[in-house]
Amino acid sequence: MSVASLSPSRPPLPASILRLLFPLGAVLAAFAVGMAVVVIMGVPLDKALFAFWRGAFGNAYAISASLNRAVALALVGVGFVIANRAGLTNVGGEGQIAVGGIASTALCLTPGMASLPLGLAFIIPMIGGALAGGMWGALAGLLRARAGANEVITTLLLSFIAIWLLYWSVQSESLLRQPMTNSATLPESLLIPDPTKAPLLTGSYASPVTIGLPILAVVAVIAALALRRSLFGFQLSAVGLNPVAAARAGIAVGSTMVVALFIAGALGGLAGALMLQGEQYSLKAGFSSGYGFDGLVVGLLARGSIVGVIAGALLFGFMRSGGISMEMAASVPSALVGILQGLIVLMIAGAAYYVDREAR
Amino acid sequence: MTAELIAVFLGSTIRLAVPLLFAATGELVSERAGVVNMSLEGMMLMGAFAGAVGAALTGSPMLGLAAAILAVLPIAFVQAGLTNVLRANQIVTGIGINILVLGLTTLGYRQMFGERSRATIPGFDAWSTPLLSNLPVIGPLFQQIWLAWLGLAIICAVAYVLACTGLGISIRAAGEDPQAVAKSGANVTAVRHGAIIFTGVMAALGGAFLSIGDIHTFTEGMTNGAGYLAIVAVIFGNWRLWRTVFACLLFGAATALQFQLPALGVQIPNALLIMMPYLLAFLAVAGLVGRQTAPRALAQPFWP
């Protein structure tokens with residue numbers, strides 16, 4: 001029982017409004033800092049803002065690229081929220097994206113895959129990527145359930161292992177590296193064949209929103225409903241709130257944890273498959289490039305809400321695009337976006353406890 | 001393996017292990033006090049950056065070192081305030097700080113030195129220990145900059161404080177049973193604040209070693225996961241000081257090997273060697289190598 005709930009002074013703001021207002025304030029404050037930095041750097045503010053806006057929303061291509069980024073972040077974020085409901089912190093998004101990308105590349109380049117009918121050519125690698133990511137996540141779940149190993153540590157370690165596995169597989173010709181024809185052959189995989197690429201919603205590269213967007217929509221709706229209304233969602237919450245009580249009530253705590261981390265990993269793996277099949281088309285080292293950590297942050301900031309994940313993913317996705325454009329057109333390093341993201345994370349995380357107490 | 005190669009290997013093992021030793025020793029103290037400092041990576045990066053800037057502006061690596069410590073202290077204060085006062089999630093705040101510092105240092109470096117500049121900056125020179133460094137084979141072990149020796153001294157001091165002093169008992173108890181510490185009259189929050197600030201200073205030294213001690217330049221994101229690797233060393237070291245020191249040396253050796261093996265004609269994928277520390281730590285945490293006993297109150301906020 002906190003002190004605030006006992007004191008009868010002023011009526012508290014409704015919880016939902018407070019939870020919405022605070023992140024908004026943090027984002028605005030961070031943007032204000034960003035604009036101040038731009039001014040201090042001596043870049044005309046209007047020029048930088050215009051470049052940011054054009055990169056994020058300027059045309060169909062920009063919007064599509066931002067949306068594709070947001071989809072990957074949101075998938076990782078939704079996975080984070082699901083595992084977090086069971087009291088688990090999945091720090092392994094980066095590695096789950098990486099193994100998803102590796103599996104998806106391997107399947108896309110499998111002889112005969114490109115000639116499969118009915119879209120199986122792109123569906124099977126996506127499912128393969130999701131399964132690989134899921135198993136990477138479930139491994140951490142299994143260790144938590146069987147050996148009591150802290151999943152924060154195991155998922156983080158598995159991330160680094162996966163990142164170097166990825167590096168290995170694009171460095172070694174016996175794995176996924178393209179055949180070396182001369183000394184300048186880059187350490188990356190072959191381009192995946194056209195039929196295995198994720199279909200574009202409009203069919204045109206001028207607005208390359210991939211099938212990932214509707215997939216995310218379906219995933220998000222199912223996740224939101226399942227967390228709120230299903231038996232599985234109830235089991236997750238029970239395990240998260242009090243594992244001992246959940247076990248007494250007959251819930252298989254261990255397997256619930258494994259399944260929760262499997263789902264989180266699978267969504268990360270799916271994000272990796274989509275990034276490969278929908279955007280990059282060949283596997284390179286550094287393929288996951290921070291999406292896992294950004295997705296983790298999106299999941300954390302959403303504080304359990306799927307709608308919050310979508311909002312955060314859109315924000316970060318568009319910020320990334322705007323930042324890249326700002327660097328090219330206004331020579332403001334896109335590192336500025338990192339500064340803003342860091343500030344937003346710290347402000348929201350720092351206020352979380354007090355916002356919750358006020359809202360209660 | 002010829003004697004010369006062994007000598008080079010030993011020398012570079014130490015050189016690569018020293019930044020890890022600084023950071024991991026600092027992190028160990030934090031974690032024993034119950035705080036996970038995921039911001040270690042950001043602290044090291046800021047130390048490397050501020051050390052480079054300080055040395056470049058003043059021409060003195062000594063002042064660079066001071067700048068590194070001064071620049072990392074605010075990060076430690078932020079980390080301490082967020083985790084001990086605001087009780088924010090320690091993983092989130094750490095990752096937030098890392099993202100923020102990567103952005104700050106990249107932007108700052110480009111503003112001051114221009115894009116892709118690899119200008120050499122004044123740094124510390126290796127210091128040959130009299131007599132010892134003339135020894136055959138193991139001589140290069142003793143050709144290190146004085147910071148490495150400082151690191152050794154600090155590690156011994158930390159070992160003494162943790163094991164033999166009242167302060168050490170307070171630190172260890174703050175991570176095992178903070179309520180008991182509070183009941184005994186000690187101030188858990190103060191102990192944890194102090195531990196985080198110590199970690200910041202150590203991370204600053206480790207980061208500065210990278211830029212002004214080792215390669216005499218700064219590159220964007222140059223820590224490249226060294227901070228996380230130091231946390232991994234603490235985990236692999238089972239939260240014990242000497243095992244953590246051993247882990248750092250082992251990780252340094254694994255990294256040094258990837259430059260040595262090709263010279264010997266041994267074909268082992270680079271990635272496997274770089275992955276080795278993480279793999280070993282993973283096996284340890286999974287319970288396949290001994291039992292892991294983390295401090296019981298690790299990562300849990302303290303409520304008086």
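We find the CD1-CG distance between Ile339(A) and Leu107(B) to be 4.5 Å, quoted to the nearest 0.5 Å. Taking CE of Met41(A) as the reference point, atom CZ of Arg110(B) lies at 9.5 Å (rounded to 0.5 Å).
Of all residues in residues 96-106 of chain B, those placing a non-hydrogen atom less than 4.5 angstrom from a non-hydrogen atom of chain A are Gly96(B), Ile97(B), Ile99(B), Leu100(B), Gly103(B), Leu104(B), Thr106(B). When the heavy atoms of residues 150-165 of chain A are compared with those of chain B, the residues falling under 4.5 Å are Val152(A), Ile153(A), Thr154(A), Leu156(A), Leu157(A), Leu158(A), Phe160(A), Ile161(A), Trp164(A), Leu165(A), listed by number. Proximity to chain A at a heavy-atom threshold of 4.5 Å picks out nothing from residues 246-253 of chain B. Taking 4.5 Å as the heavy-atom cut-off, the residues of residues 28-46 of chain B that approach chain A are Met38(B), ordered by number.
In this structure, chain B has a heavy atom under 4.5 Å from the side chain of Leu300(A), while its backbone stays farther away. Residue Val337(A) does not touch chain B at all, counting heavy-atom pairs closer than 4.5 Å. Looking at Ile95(B), the atoms closer than 4.5 Å to chain A (heavy atoms on both sides) all sit in the side chain, from C-beta outward. Using a 4.5 Å cut-off between heavy atoms, Ile348(A) makes no contact with chain B at all.
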Q: May I have the step-by-step check of side-chain contact (heavy atoms from CB on, under 4.5 Å) for Val345(A) and Val92(B), ending in yes or no?
A: CA-CA 7 Å; Val345(A) 172; Val92(B) 192; 3.7 Å; yes
task = Verify side-chain contact (heavy atoms from CB on, under 4.5 Å) between Met275(B) and Tyr167(A), making sure each step is shown before the conclusion.
result = CA-CA 10 Å; Met275(B) 195 199 292; Tyr167(A) 177 80; over 6 Å; no
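Of the listed residues (Val78(B), Leu82(B), Thr83(B), Ile274(B)), the greatest number of heavy-atom pairs within a distance under 4.5 Å of chain A belongs to Ile274(B).
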